[in-house]
Amino acid sequence: MDKFLIQGGNTLEGEVRISGAKNAALPLLAAMILAETPMTLRNVPNLKDVNTLVKLIGGMGITISYAGDTVHSDASTLNNQFAPYELVKTMRASILVLGPLLARYGEAKVSLPGGCAIGSRPVDQHLKALEALGAQIEVENGYVNAKVDGRLKGAEVVFDMVTVGGTENILIAATLAEGITTIRNAAREPEITDLAHMLIKMGAKIEGLDTDTLVVTGVEKLQGCEYSVVADRIETGSYLAAAAMTGGRVKTTHTDPALLECVLEKFEEMGAEVTRGDDWIELDMMGKRPKAVSFRTLPHPDFPTDMQAQLMAVNAIGRGFATISETIFENRFMHVPELSRMGANIQVEGNDAVVTGVDKLSAAPVMATDLRASFSLVLAALAAEGETLIDRIYHIDRGYEDIEAKLQGLGAQIKRVSE
Ligand code: UD1
């Protein structure tokens with residue numbers, strides 16, 4: 001199993017090119033199932049999760065190729081609507097194929113995703129919303145069996161909580177439903193707006209972009225198009241955090257400051273100088289130790305749960321103390337014991353953590369537990385005294401493209417070791 005060996009103590013400086021967003025690429029790939037004609041997706045990050053979805057879609061008979069940062073697909077060759085447990089269990093976002101299969105082919109058999117490290121993460125909201133659109137759904141032997149007589153029917157869907165995946169699944173399905181679908185309490189994450197933009201390019205009619213109410217007027221057919229995935233705001237924030245963590249200066253390019261304003265404000269509160277360009281952001285920590293900053297994770301446009309672990313790592317070496325509240329997932333502090341092994345002072349009570357900054361972290365063998373938590377360990381290792389070995393980095397490979405090369409380009413001493 002691959003591990004990272006990181007020698008801490010270097011100040012990170014330079015430029016890093018941000019990849020397309022994993023969390024946008026996945027729903028965009030699922031939406032390709034709807035296209036009557038071939039289509040092309042560009043700026044696709046080369047990641048394990050993307051490969052999983054390409055494999056899942058290819059298994060349905062769809063002609064799909066993935067080379068460099070480009071995916072070409074022709075959904076007209078689809079010959080089954082089956083998503084097997086073997087693939088779905090490795091990536092929860094596989095459930096995103098349910099809405100498009102049902103909308104275009106009237107039936108689907110999709111494995112229920114299994115458990116997840118950061119919480120139970122049910123898909124009840126996805127199923128309830130599809131039922132509101134007229135789908136008959138049965139859950140049997142670990143599979144969701146869904147069908148609909150004729151087309152899905154537009155309806156009013158009200159989510160009980162803000163769900164990113166749920167909003168995406170229903171948005172995709174509603175584009176081909178008969179009549180109007182109103183999605184209330186919709187998630188507003190930039191990846192949803194990106195999805196809506198591609199669907200509109202394919203011929204869908206969607207209003208209310210960037211708001212919590214999406215109104216979709218169903219059409220009979222959607223065509224293929226060419227589209228480029230939006231920049232990864234979480235990757236952007238993670239590399240800016242690396243500058244904050246090491247007192248350095250990092251410029252992220254091919255990104256968009258508007259995607260993560262709330263996170264940038266937290267970096268400024270830490271004492272960093274943040275400069276925003278049209279498609280770049282530079283963070284200069286000017287050799288200073290960051291001030292610890294409190295925050296609470298909430299749906300977009302508030303602070304993203306996917307940046308919680310990384311900012312906790314920065315707080316761990318901050319001046320003063322900070323309170324972090326995680327309100328999206330019930331078990332998303334698994335990086336805390338690992339950071340503590342490196343000398344961090346963090347007290348957890350329920351979904352709140354109090355982080356008291358320490359002068360120095362020290363190297364220790366640690367274990368990655370989930371995708372974003374893994375990056376927090378990388379950050380801690382970059383600032384720690386000594387050489388840190390991070391185990392189970394397959395979690396990182398799910399969501400950070402070329403991480404060693406990108407960090408090395410900024411002056412980090414990181415290498416992958418296989419044992
Ligand atoms: C997506 C992101 C993930 C991010 C999360 C929250 C992708 C591929 N993943 O995950 O990186 O951390 O949004 O911003 O885009 N819930 C239910 N029932 C449901 C659906 C959700 O109870 O049917 C709960 C979840 O357990 C969780 C909360 O709602 O507590 C938010 O989940 P959701 O927004 O759906 O997250 P994902 O789409 O899975």
Side-chain angles (χ1 to χ4, degrees), residues 20-31 44-45 47-50 52-53 56 88 90-99 110 112-132 137 139 144 157-173 183 185-195 212 229-230 232-235 237-238 259-260 262-263 296-311 325-335 351 369-376 395-396 398-400:
K22 167 181 88 74
N23 286 357
L26 298 176
L28 295 176
L29 285 166
V44 180
L47 298 170
K48 210 153 100 190
D49 276 7
V50 172
T52 302
L53 197 51
L56 188 70
V88 175
T90 66
M91 188 184 67
R92 300 185 47 79
S94 307
I95 193 74
L96 290 174
V97 299
L98 182 60
V110 178
L112 272 178
C116 170
I118 60 177
S120 59
R121 296 180 87 175
V123 292
D124 57 303
Q125 299 294 311
H126 300 233
L127 305 188
K128 195 177 109 174
L130 287 170
E131 278 175 339
I137 293 182
V139 178
V144 178
V157 170
V158 186
F159 283 117
D160 297 337
M161 80 266 299
V162 179
T163 157
V164 175
T167 303
E168 290 165 348
N169 229 337
I170 303 326
L171 176 62
I172 298 173
I183 308 172
N185 200 20
R188 287 182 281 168
E189 269 62 8
E191 292 75 25
I192 288 169
T193 305
D194 201 43
L195 171 64
D212 63 2
V229 182
V230 71
D232 196 318
R233 64 196 163 102
I234 306 301
E235 192 196 22
S238 300
L259 299 173
L260 70 163
C262 183
V263 176
R296 166 183 291 267
T297 65
L298 284 167
H300 193 79
D302 283 311
F303 194 92
T305 173
D306 285 353
M307 279 300 298
Q308 180 253 106
Q310 299 89 317
L311 254 69
S325 302
E326 171 59 57
T327 77
I328 307 290
F329 292 109
E330 74 257 33
N331 187 26
R332 211 175 190 178
F333 282 148
M334 290 199 314
H335 39 289
N351 285 330
T369 51
D370 71 67
L371 171 58
R372 307 303 170 187
S374 317
F375 204 96
S376 76
H395 288 293
I396 294 202
R398 291 186 48 196
Y400 287 95

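Order of appearance sets the numbers: ligands from 1, and atoms from 1 within every ligand.
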* **For Gln125, atoms of ligand 1 separated by under 4.0 Å from a heavy atom** => 18 (N), 19 (C), 23 (O)
* Asked: Against heavy atoms of His126, which atoms of ligand 1 measure under 4.0 Å?
  -> 23 (O)
* Spacing of Ile137 atom CD1 and Leu127 atom CG [to the nearest 0.5 Å] -> 5.0 Å
* **Contact check: Leu26 vs ligand 1, nitrogen or oxygen atoms, below 3.5 angstrom** => no
* Asked: With backbone taken as N, CA, C and O and side chain as the heavy atoms from C-beta onward, which portion of Ile328 lies under 4.0 Å from ligand 1: side chain, backbone, both, or neither?
  -> both
* Structure fact -> In ligand 1, the atoms that come under 4.0 Å of a heavy atom of Gly165 are 35 (O), 38 (O)
* Supply the atom-to-atom distance Thr297 OG1 to Asp306 CG, rounded to the nearest 0.5 angstrom. => 9.5 Å
* Thr163 N/O to ligand 1 N/O under 3.5 Å -> yes
* Asked: Does some side-chain heavy atom of Leu130 sit less than 4.5 Å from a side-chain heavy atom of Leu98?
  -> yes
* Asked: Atom CD of Glu235 and atom CE of Met307: how far apart are they, to the nearest 0.5 Å?
  -> 11.0 Å
* **Contacting atoms of ligand 1, where contact means under 4.0 angstrom from a heavy atom of Val123** => 19 (C), 23 (O)
* To do: Consider every N or O of Phe329 and every N or O of ligand 1, then say whether any pair is closer than 3.5 Å.
  => no
* Structure fact -> A student checking ligand 1 against Arg332 at a 4.0 Å heavy-atom cut-off should list atoms 12 (O)
* Structure fact -> At under 4.0 Å between heavy atoms, what of Asp306 touches ligand 1? The answer is side chain
* Any sub-3.5 Å donor-acceptor pair from Asn185's side-chain atoms to Val158's backbone N or O? -> no
* Given side chain to side chain contact (heavy atoms under 4.5 Å, CB included), test Asp160 with Gln125 step by step and report yes or no. => CA-CA 7 Å; Asp160 297 337; Gln125 299 294 311; 3.1 Å; yes
* To do: May I ask you to test the Val162-Leu298 pair for a side-chain heavy-atom distance under 4.5 Å?
  => no
* Min side-chain heavy-atom separation His300-Val164 under 4.5 Å -> no
* **4.5 Å side-chain heavy-atom contact, Ser94 and Val110** => no
* Region of Thr305 that comes within reach of ligand 1 [heavy atoms, distance under 4.0 Å] -> side chain
* Met161 contact mode with ligand 1 (heavy-atom cut-off under 4.0 Å) -> side chain
* Could you name the option among Asp160, Asp124, Asn331, Asn23 that has the heavy atom nearest to atom 18 (N) of ligand 1? => Asp124
* Check ion pair Asp49-Arg398 (N to O, under 4.0 angstrom) -> yes
* To do: State if Pro122 counts as touching ligand 1 under the rule of any non-hydrogen atom under 4.0 Å.
  => yes
* Asked: What part of His300, side chain, backbone, both or neither, has a heavy atom within less than 4.0 angstrom of ligand 1?
  -> neither
